[in-house]
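Report on the structure given below.
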Amino acid sequence: MTVQGFDPARLARIKTHFAAYVQDGRLPGWQVQVSRRGEIVYRENCGQRDLEAKLPIEDDTVFRIYSMTKPITSVAAMMLYEEGRFELTDPLAKYIPAFANMRVYTGGPALKPTTRAATEPMRIVHLLNHTSGLTYGFHHIHVQDEIYRNAGYEWGVPKGHTLEQAVDDWARLPLRFDPGTRWNYSVATDVLGRLVEVISGQTLAEFFQQRIFDPLGMKDTSFSVRGSLGKRLGALYIPNAKGKATRNDDFGNAARAKPTFLSGGGGLLSTTQDYHRFTQMLLRGGELDGARLLGSRTLRYMTRNSLPGGQDLVQFGIPLFAEVKFDGQGFGLGFSVLQDPMAAGTLGTAGEFGWGGAASTAFWVDPKEEITVIFMTQLLPSSTWPIRTQLRQLVYSALVD
């Protein structure tokens with residue numbers, strides 16, 4: 001008997017496959033959830049949230065979701081857009097003056113780069129779809145990335161820096177390219193979070209709590225380990241030379257400190273249950289249990305490929321890691337969008353959208369099949385193992401209706 005079109009025996013292959021990651025030490029533990037038409041059809045916990053303390057993954061385990069924060073920030077910004085507070089084509093400098101007169105890197109070493117004036121202002125839409133010309137210091141693929149690292153921005157921000165201070169710093173650094181001309185994964189969503197603060201008059205934490213978390217019932221999602229979150233938070237791991245998950249408290253303990261920097265690009269802690277509430281809102285066109293965050297047309301607009309001429313991230317983007325395949329993937333306003341499953345080389349549905357986090361977490365929403373999928377673990381970086389593509393083939397091969 002199938003459940004919402006899924007064969008339970010085939011879904012069970014998910015545990016068989018990913019349990020091997022735990023048994024041989026590649027992952028400390030994981031949690032996966034699959035739903036269709038609002039019904040949870042598969043939920044499984046495996047392994048430990050803390051190997052050293054022998055604490056298991058449990059239903060309420062808290063995870064660092066890192067860049068799975070980005071879709072939440074993008075929704076926050078578009079809620080303000082729906083109120084008429086800005087237009088997508090507005091120059092960012094209209095709200096954050098530091099972004100006036102941006103300069104583009106043209107050559108030279110990181111300590112003495114040459115630049116020219118940008119030919120196009122950075123617009124709000126460029127923040128939403130990562131065509132701003134900003135970068136991340138951890139890319140290690142271009143001189144611009146080194147410039148960010150030299151300024152103290154690699155995996156975080158200088159100690160004690162606020163979001164406002166970080167954004168002002170980034171505005172002083174050269175762009176990789178003229179806004180709108182390429183796709184490059186970057187701190188753009190952190191800047192977008194600052195825009196939410198400027199326009200709303202609230203901190204990003206306040207806006208999230210009042211306008212998103214409370215209405216959706218996301219009681220365990222936060223920038224800080226308030227209440228019992230710290231006790232339920234998993235440890236963070238990185239692979240050693242043999243590929244075994246090895247504890248890294250240098251990165252992991254950052255989540256336990258009270259943040260001064262509210263990162264809309266990667267600062268949230270959450271649970272599978274909470275993120276399920278968020279994905280169900282997305283699946284239902286912006287509404288869940290009577291709480292409407294966005295209009296259905298707005299959400300459809302956000303989840304269409306926004307790259308010029310329908311290009312994918314390989315054609316229009318700058319490669320991040322050889323292990324991350326972006327063939328057949330476009331990008332909307334806050335989400336990757338699967339355009340062509342054949343080009344992507346994996347099962348899926350054209351039009352599904354989602355994203356993942358640095359600690360190997362991932363989610364996607366498939367509006368056509370009415371499916372949502374969430375995978376949680378705590379292994380940095382996300383390019384270590386091909387978890388996301390393998391999960392997709394296991395989920396879709398279990399759908400038999």
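What's counted below: heavy atoms across the whole structure, side chains too, no hydrogens, waters or symmetry copies. Counting from 1, the numbers follow the sequence of the chain as shown.
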Item checked: Aromatic plane relationship, Phe326 with Trp355 - under 30° parallel, 30 to 60° tilted, over 60° perpendicular -> parallel

Item checked: Pairs flagged by salt bridge (charged side-chain N to carboxylate O under 4.0 Å, His left out) wherever residues 147-173 is involved - sequence neighbours left out -> Glu164-Arg194, Asp169-Arg172

Notebook entry, point to check: Is the closest side-chain heavy-atom distance between Val373 and Leu391 below 4.5 Å?
Noted result: yes

Note to self: Does atom CG (Asn253) have a neighbourhood of more than 12 heavy atoms from anything else shown, all under 6.0 Å?
What the structure shows: yes

Item checked: Qualifying residues under salt bridge (charged side-chain N to carboxylate O under 4.0 Å, His left out), relative to Asp250, sequence neighbours excluded -> none

Checklist line | ring pair (Phe, Tyr, Trp, His ring centres under 6.0 Å) involving Phe99 - partner list, sequence neighbours excluded | finding: none

Note to self: Under the salt bridge (charged side-chain N to carboxylate O under 4.0 Å, His left out) definition, can you give me all pairs with a residue in residues 8-17, not counting sequence neighbours?
What the structure shows: Lys15-Glu44

Margin query: Under 6.0 Å between ring centres: does that hold for Tyr275 and Phe63?
Written below: no

Check: Does the side chain of Phe335 come within less than 4.5 Å of Val365's, by heavy atoms?
Finding: no

Item checked: Residues forming a ring pair (Phe, Tyr, Trp, His ring centres under 6.0 Å) with Tyr105, sequence neighbours excluded -> His142

Check: Is there a side-chain contact between Tyr396 and Asp366 (heavy atoms, below 4.5 Å)?
Finding: yes

Note to self: Quick check on the 6.0 Å ring-centre criterion: do Trp183 and Phe316 meet it?
What the structure shows: no

Item checked: Sequence-distant partners of Arg85, side chain to side chain donor-acceptor pair (under 3.5 Å), two or more places apart -> Glu83

Check: Atom CG of Asn240 and atom NZ of Lys244: how far apart are they, to the nearest 0.5 Å?
Finding: 8.0 Å

Notebook entry, point to check: Would a line drawn from the ring center of Phe18 to the ring center of Phe375 be shorter than 6.0 Å?
Noted result: yes

Check: Less than 4.5 Å apart, any side-chain heavy atom of Tyr185 and any of Ser67?
Finding: yes

Next item on the list: Give a yes-or-no answer on whether the side chains of Thr73 and Thr189 include a donor-acceptor pair shorter than 3.5 Å.
Entry: no

Check: Which pairs with one or both residues in residues 270-279 pass salt bridge (charged side-chain N to carboxylate O under 4.0 Å, His left out), sequence neighbours excluded?
Finding: Arg277-Asp289

Next item on the list: Could you pull out all residues at least two apart from Glu82 that satisfy side chain to side chain donor-acceptor pair (under 3.5 Å)?
Entry: Thr298

Margin query: Please list all pairs meeting salt bridge (charged side-chain N to carboxylate O under 4.0 Å, His left out) that have one or both residues in residues 345-359, counting only residues at least two apart or in different chains.
Written below: Glu352-Arg392

Check: Is it the case that Glu369 and Thr349 place a side-chain donor and acceptor less than 3.5 Å from each other?
Finding: no

Checklist line | Any donor-acceptor N or O pair under 3.5 Å, side chains Ser263, Asp190 | finding: yes

Notebook entry, point to check: Quick one: do the Tyr95 and Asp90 side chains pair a donor with an acceptor below 3.5 Å?
Noted result: yes

Item checked: Residues in ring pair (Phe, Tyr, Trp, His ring centres under 6.0 Å) contact with Phe86, at least two apart in sequence or another chain -> Tyr81

Notebook entry, point to check: Taking the six-membered ring for Trp, are Phe261 and Trp170 parallel (under 30°), tilted (30 to 60°) or perpendicular (over 60°)?
Noted result: perpendicular

Note to self: Taking side chain to side chain contact (heavy atoms under 4.5 Å, CB included) as the definition, give me every residue that meets it alongside Gln280, ordered by chain and number, with sequence neighbours left out.
What the structure shows: Ser35, His276, Leu283, Leu288, Thr372

Checklist line | ring pair (Phe, Tyr, Trp, His ring centres under 6.0 Å) partners for Tyr66, two or more places apart | finding: none

